[in-house]
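See below for the structure under consideration.
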Amino acid sequence: TGHTESFHTLASFVRSSPFVPIMGDGQVLRQPLHVHDFADAMLALLEGGLPNAAYDAAGSEVLTMDQVIDTLAQALGTRPRKLHLPGALFQKLAGLVGDLDEELLAAFGTDDAVDHRPLERASGVRLRPFSEGARDLR
């Protein structure tokens, strides 16, 4: 079976819930990459002949998890409250959802930010900021 964890799932939660649980203080870093930007970059690399290189796949801006939630809420026209929870409690509650992978839950507490520019240069694809891509989640 597939997992539904994605920004679509998060956006659905931000859209419908009065609060959004966040692990820790909300300052963990994320760098969301729009799926269309990723697909366009991969296609451009394939069409241009695969270079002998590895690229980190990441969006063009680094945001805290609090900023991700705020950006989604603004794009969706909602105002949920952020509920910061200790890591162990967050993981325990998230485990009750049943569709979240344990490795994914463990990664929620670590920063995930890289230099997106090598992929952008190699592919020629402009990787849009999350605030721009979040509008597609409406």
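It should be emphasised that the depicted structure is a prediction, and the values quoted were computed from it without experimental measurement. Quick note: numbers below take in every heavy atom, side chains included, and nothing from hydrogens, waters or symmetry partners. One-based numbering along the sequence shown.
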Which donor-acceptor pairs under 3.5 Å do side chains of residues 43-58 form with protein atoms, sequence neighbours excluded?
none

Which atom pairs, donor and acceptor, lie under 3.5 Å between side-chain atoms of residues 11-25 and protein residues at least two apart or in another chain?
unit_1, atom_1, unit_2, atom_2, d
R15, NH2, L137, O, 2.6
S16, OG, S12, O, 2.8
S17, OG, F19, N, 3.2
S17, OG, F19, O, 2.6
D25, OD1, Q27, N, 2.9

Residues 120-127 side chain polar contacts: donor-acceptor under 3.5 Å, at least two apart:
unit_1, atom_1, unit_2, atom_2, d
E120, OE2, L127, N, 2.8
S123, OG, L119, O, 2.8
S123, OG, V125, N, 3.1
R126, NH1, E132, OE2, 3.3
R126, NH2, E132, OE1, 2.9

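Taking both residues in full, the closest heavy atoms of P32 and V68 are given as CG-CG2, 4.3 Å, listed atom of the first, atom of the second, then distance.
A chain of hydrophobic side-chain contacts below 4.5 Å, direct or via other Ile, Leu, Val, Met, Phe, Trp or Tyr residues, connects L10 to V28. Connection of L76 to I69 is established within a shared hydrophobic cluster, with ILVMFWY side chains joined at heavy-atom distances below 4.5 Å, either directly or through further cluster members.
Listed by first and then second residue, the salt bridge (Lys or Arg N to Asp or Glu O under 4.0 Å) pairs involving residues 65-78 are D70-K82 (not counting sequence neighbours).
One distance of note links CG of D115 with CD of Q31; it measures 8.0 Å at 0.5 Å rounding.
Checked against side-chain hydrogen bond (donor to acceptor under 3.5 Å, both in side chains), H34 has the following partners two or more places apart in sequence or in another chain: D136. Residues that satisfy the side-chain contact (heavy atoms from CB on, under 4.5 Å) test with E61, not counting sequence neighbours, are L63, P129, F130, S131.
Side chains of L29 and T64 form a contact here, defined as non-hydrogen atoms less than 4.5 Å apart.
At least one donor-acceptor pair closer than 3.5 Å links the side chain of D37 to the backbone N or O of R128.
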